[in-house]
Q: 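Okay, here's the structure, questions in a sec.
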There are 2 protein chains.
Amino acid sequence: MNTNYEAYEQPGVTVDLAIFTVNKNKLKVMLVKRAEAPFLDFWSLPGGFLMHRESLEDAAYRVLTEKTGVKDVYMEQLYTFGAPERDPRARVITVAYFALIPWENLNQPESNKIKDLTWYSVDQHPKLAFDHKEILKYAVKRLRAKASYSNIVYGLMPEHFRLSELQTMYEIIINDKLDKRNFRKRMLATGLLQETGEKDLTGAHRPAMLYQFKKMEITFSN
Amino acid sequence: MNTNYEAYEQPGVTVDLAIFTVNKNKLKVMLVKRAEAPFLDFWSLPGGFLMHRESLEDAAYRVLTEKTGVKDVYMEQLYTFGAPERDPRARVITVAYFALIPWENLNQPESNKIKDLTWYSVDQHPKLAFDHKEILKYAVKRLRAKASYSNIVYGLMPEHFRLSELQTMYEIIINDKLDKRNFRKRMLATGLLQETGEKDLTGAHRPAMLYQFKKMEITFSN
DNA sequence: TATACTAAGTGTACAATGAACACTAACTAC
DNA sequence: GTAGTTAGTGTTCATTGTACACTTAGTATA
């Protein structure tokens, strides 16, 4: 590695986040409204500059916590975008992360629907600043891919849930219908689920057993 | 995204490459000897600072071509490493790439065994500068994983090859033995291989059909 | 209080895929 | 011409994935 530190004026380094949740049967992503140029008043993914003594992951986590108030969420590095003209004012490269948050864990998210932060359906969002459309597209692709071979979807579920809710979550992410019996067989066979003993008595129908995840990492995360 | 460009002194941005090849039945990675501090005389992955009007991928490709003289190789972004203390002198974040080159495509690689560039077996290499040990480990992990669900191994094969050579290549990468008949069935079933019509007559045994890849992209690359 | 409505919960048969396994063919060397 | 070496080829069995329909347990309401 060349260590001639003075050779080039160094680019800016930011992190940007695709923070996903699911609400009303739609996969949604957090967008914030820009308050300054460039792209004034455009929507963008939340992000920020990397601080001095901060790792990339810490920076991403900082932005995440600032915007959501939530800790202890699933997050992973997505990709680093560095096209020379991606920011019209200066050379800026951005390390993109994606994160998953259960809708239930967001603090009164409806009250956040003030003008500068909101949740948009991923397939129906406004024009985005910078190359954020591309970043979002890549994040959705990664999420959909991982949903089919890992248990990443767990990151979107509340503490306790019915199996039918879990199935619906999978269906929303992979955008396809699943067979109920096969789904249940497969999920229970993983050994990652645990009956809570409680039942969900809402609705005019047979009550459902509530499940939770056994405490462990999300598998196959890399 | 915060665009207060003047807020922080910006870190340096480099690219580093894990360039793999296979020779003498060993997976090898290119290492270069550092000619300056820090880590003077340590071995490291080849890399360099990002230039002004250059995309990250162009920078990686530039380093790759400088070091190998080879174009038209498989390369993908691996991960971005940004721990605050990874470079003892200044804040530097690095975007790591990995690349695959068939040994046959390297120009007289033996003559490169001058003191500052060589190929080391990935499981038997000297102490590396910076966090390059971690980067290399991550790259090997990614390569091994992808070998089992994609045709990424193609990137290591010469133009024409015997099926037994392809099998050996897989075995080296995944570090396990494969069944000959099942392997051939599976490979031919992909439809990605084409007989060249030529036979390899070397050796005191039945000659082998030579194959080539149909001209197309490596699939499942992301 | 009986009937309609709704989502929960359950098993089996068939197809597709993956894994194990051994002999014959075609050449060279001696 | 005999020994040595790698190329090339199918079948059986186990495992996994897929398709598919009825009964159960509650609520709502007539």
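Protein chains get the first letters and strands the later ones, always in sequence-line order, with residue 1 at the start of each.
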Q: On the nucleotide D:dA7, are OP1 or OP2 found under 4.0 Å from the side-chain N or O atoms that B:Ser164 carries?
A: yes

Q: Checking B:Ile174 now: which residues fulfil side chain to side chain contact (heavy atoms under 4.5 Å, CB included) with it, not counting sequence neighbours?
A: B:Ala147, B:Asp176, B:Leu178

Q: Taking DNA chain D as the partner, which of residues 176-190 of chain A come within under 4.0 angstrom of it by heavy atom?
A: A:Asp179, A:Arg181, A:Asn182, A:Lys185

Q: Please determine whether the number of non-hydrogen atoms from other residues, nucleotides or ligands lying under 6.0 Å from atom CG of B:Asn25 exceeds 12.
A: no

Q: Check DNA chain C against residues 200-211 of chain B and give the residues with a non-hydrogen atom under 4.0 Å, in numerical order.
A: B:Gly203, B:Ala204, B:His205, B:Arg206, B:Pro207

Q: Just how far is it from atom CD of A:Gln194 to atom CG of A:Leu210, taken to the nearest 0.5 Å?
A: 13.0 Å

Q: Under the rule for ring pair (Phe, Tyr, Trp, His ring centres under 6.0 Å), what residues qualify as partners of A:Tyr61, not counting sequence neighbours?
A: none

Q: Is a salt bridge present between B:Glu134 and B:Arg86, judged by a nitrogen-to-oxygen distance below 4.0 Å?
A: no

Q: Should the pair A:Phe39 and A:Phe42 be assigned to parallel (<30°), tilted (30 to 60°) or perpendicular (>60°) ring geometry?
A: perpendicular

Q: For the residue pair A:Leu143 and A:Phe20, what are the closest heavy atoms and their distance?
A: CD2-CD1, 4.0 Å

Q: What are the two closest non-hydrogen atoms of B:Ile172 and B:Leu27, and how far apart are they?
A: CG2-N, 3.8 Å

Q: Please list, by residue number, the residues of residues 168-175 of chain A whose heavy atoms come closer than 4.0 Å to an atom of DNA chain D; answer none if no residue qualifies.
A: none

Q: Any side-chain N or O of B:Arg162 under 4.0 Å from OP1/OP2 of D:dA7?
A: yes

Q: Would you call the rings of B:Phe213 and B:Tyr154 parallel, tilted or perpendicular, where under 30° means parallel and over 60° means perpendicular?
A: parallel

Q: With A:Thr21, which residues qualify under side-chain hydrogen bond (donor to acceptor under 3.5 Å, both in side chains), at least two apart?
A: none

Q: When the distance from NZ of B:Lys199 to P of D:dT6 is rounded to whole Å, what number comes out?
A: 17 Å

